[in-house]
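A short write-up of the structure that comes next.
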Protein chains: 2
Amino acid sequence: MARHQEVLIALRQIIRATDLYSRKLSKVAGLTAPQLLILQAIDAHGEMTMGDIATEVSVSQATVTVILDRLEKRALIERKRGERDKRRVYASLTHAGRDIMERAPTPLQEEFMARFSHLEDWEQSLILSSLQRVAAMMNAGDIDASPVLDLGAIDRAQPASEGLRRHGSNNHSTQTDQK
Amino acid sequence: MARHQEVLIALRQIIRATDLYSRKLSKVAGLTAPQLLILQAIDAHGEMTMGDIATEVSVSQATVTVILDRLEKRALIERKRGERDKRRVYASLTHAGRDIMERAPTPLQEEFMARFSHLEDWEQSLILSSLQRVAAMMNAGDIDASPVLDLGAIDRAQPASEGLRRHGSNNHSTQTDQK
DNA sequence: GCTTAAAGTTTAGATGTCAAAATAGTTTAC
DNA sequence: GTAAACTATTTTGACATCTAAACTTTAAGC
């Protein structure tokens, strides 16, 4: 089988496993992974606008709106219209929201975490930087030169997430809206 | 930032990039990634039942049914009830289906593929095996021992996809159905 | 032969996800 | 100061995806 074919299969398995875990999490903790992620983001930053959240957790605003609708319906978050700028909407945790969030397990599978943490340090780095390289290569639409392609990159494990967002031309900018 | 946190971010970016590409593909080729994947699977195997397809592309049968509904509505595939065993339904490509499939780009981003293929051979292996390890660690629910955890594994790049399916106890078996 | 269990497929109901359109509010330009 | 341009959020419409339940056959028991 061609290598890229294998890459594709591995990716699909990862994506599926992630999705399945989210559902399992939802049963156990009453929160899906994205819901938990958003709650955590709000907890970490205090009040946040939709746009902030979207950028923070890497989804579109539309998605944030939908998810917050559900969280609000369950009284886990509150929305408050901005006073200074009424276009903005600020979300904050309710007591119940903080509560449920704190009792929920991590958004990454525990088995995975356990296994991952058992690896040697260099192996963890290796895996992390491989993932970051894949992410970078995929988002590559808006990477000007190709610093990610030079060989040394593999063992530097620098935070690619930052590096990517920096070039926010259009690809994953969540609110590009170039109509 | 904790390493597992970074892993999580990288994964989310990969998943999102994959999804976004699927949508782009859909505009360009009229097929989303999963639709294309299913078409390719059917093309490769000839007639297939829902269950076969589900196993092959790693999704649940329900998903296959839904996607085939859409493909059938567009006359890209045909369904045929089994004669011997009428519970089964066989899907096969129509002429139009083979056509559109062959004209579509790959289900993996072209930019990614281009970049990936520019890497040194050993780097490709490294990335592939990292992905496979992550997939394995995630699906780990039904892996008996832990061959994936021993250190040598990282540079062997053996087809984990096979290795995983082999233990098909329940985790991703697509039809567990323990009611 | 009828009843029950098993197997395969489909349907129903939930989420997450996005792009594009609609809405509402702010700024800027003249 | 009003119109045009811009910005933030929500709504709409479409997919993909899963689990659980329902349905359709087939196979097995008695």
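A, B, ... follow the sequence lines: proteins, then strands. Residue 1 opens every chain.
In this entry the distance linking CD1 of B:Ile53 with C1' of C:dT10 reads 14 Å, nearest Å. Atoms CG (A:Asp52) and P (D:dA8) sit 10 Å apart, rounded to a whole Å. One can place CG of B:Asp19 at 8 Å from C1' of D:dA16, the figure rounded to the nearest angstrom.
In this structure, the salt bridge (charged side-chain N to carboxylate O under 4.0 Å, His left out) partners of A:Asp19, at least two apart in sequence or on a different chain, are A:Arg23. Under the side chain to side chain donor-acceptor pair (under 3.5 Å) criterion, A:Lys80 pairs with A:Glu47, sequence neighbours left out. Annotation: salt bridge (charged side-chain N to carboxylate O under 4.0 Å, His left out) contacts of A:Arg12 (sequence neighbours excluded): none. The salt bridge (charged side-chain N to carboxylate O under 4.0 Å, His left out) search around B:Lys24 returns B:Glu111, not counting sequence neighbours.
Between A:Arg12 and A:Ala62, it is A:Ala62 whose nearest contact on DNA chain D lies nearer the 5' terminus. Between B:Asp69 and A:Val66, the residue whose closest nucleotide on DNA chain C is further toward the 5' end is B:Asp69.
Among D:dT10, C:dT17, C:dT10, the nucleotide with an atom closest to any side-chain atom of A:Val89 is D:dT10.
The side chain of B:Thr63 places an N or O atom within less than 4.0 Å of a non-bridging phosphate oxygen (OP1 or OP2) of D:dC18. Phosphate proximity of D:dT10 to A:Thr65: present, with a side-chain N or O under 4.0 Å from OP1 or OP2. The phosphate of C:dC18 (OP1 or OP2) has a side-chain N or O of A:Ser60 nearer than 4.0 angstrom.
Checked by distance alone, B:Arg23 brings a side-chain donor or acceptor within 3.5 Å of a matching partner on the base of C:dT17. With hydrogens and angles left out, the side chain of B:Arg87 and the base of D:dT24 share no donor-acceptor pair within 3.5 Å.
If you check every strand for non-hydrogen atoms under 4.0 Å, A:Ser22 touches nothing. Heavy atoms of B:Lys27 sit under 4.0 angstrom from primed sugar atoms or phosphate atoms, though from no base atom.
Using modelled atom types, one side-chain atom of B:Ser130 and one backbone atom of B:Leu126 make a donor-acceptor pair closer than 3.5 Å.
Applying a 4.0 Å cut-off to non-hydrogen atoms, none of the residues of residues 29-43 of chain A approaches DNA chain D. A heavy atom closer than 4.0 Å to some atom of DNA chain C occurs in B:Arg79, these being the qualifying members of residues 70-86 of chain B.
In the hydrophobic clustering, where aliphatic and aromatic side chains (Ile, Leu, Val, Met, Phe, Trp, Tyr) are joined below 4.5 Å either directly or transitively, B:Ile15 groups with A:Ile15.
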Report all side-chain donor-acceptor pairs from residues 69-77 of chain B shorter than 3.5 Å, counting only partners two or more places apart or in another chain.
{"unit_1": "B:Asp69", "atom_1": "OD1", "unit_2": "B:Arg79", "atom_2": "NH1", "d": "2.9"}
{"unit_1": "B:Asp69", "atom_1": "OD1", "unit_2": "B:Arg79", "atom_2": "NH2", "d": "3.1"}
{"unit_1": "B:Glu72", "atom_1": "OE1", "unit_2": "B:Arg79", "atom_2": "NH1", "d": "2.7"}
{"unit_1": "B:Arg74", "atom_1": "NH1", "unit_2": "B:Gly30", "atom_2": "O", "d": "2.9"}
{"unit_1": "B:Arg74", "atom_1": "NH2", "unit_2": "B:Gly30", "atom_2": "O", "d": "3.0"}

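Identified under the ring pair (Phe, Tyr, Trp, His ring centres under 6.0 Å) test for residues 90-114 of chain A, with sequence neighbours left out: A:Phe112-A:Phe116.
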Check: Are B:Ser125 and A:Arg3 close enough, and set up right, to give a side-chain hydrogen bond (donor to acceptor under 3.5 Å, both in side chains), and what steps lead you there?
Finding: CA-CA 8 Å; B:Ser125 292; A:Arg3 197 126 52 173; 2.8 Å; yes
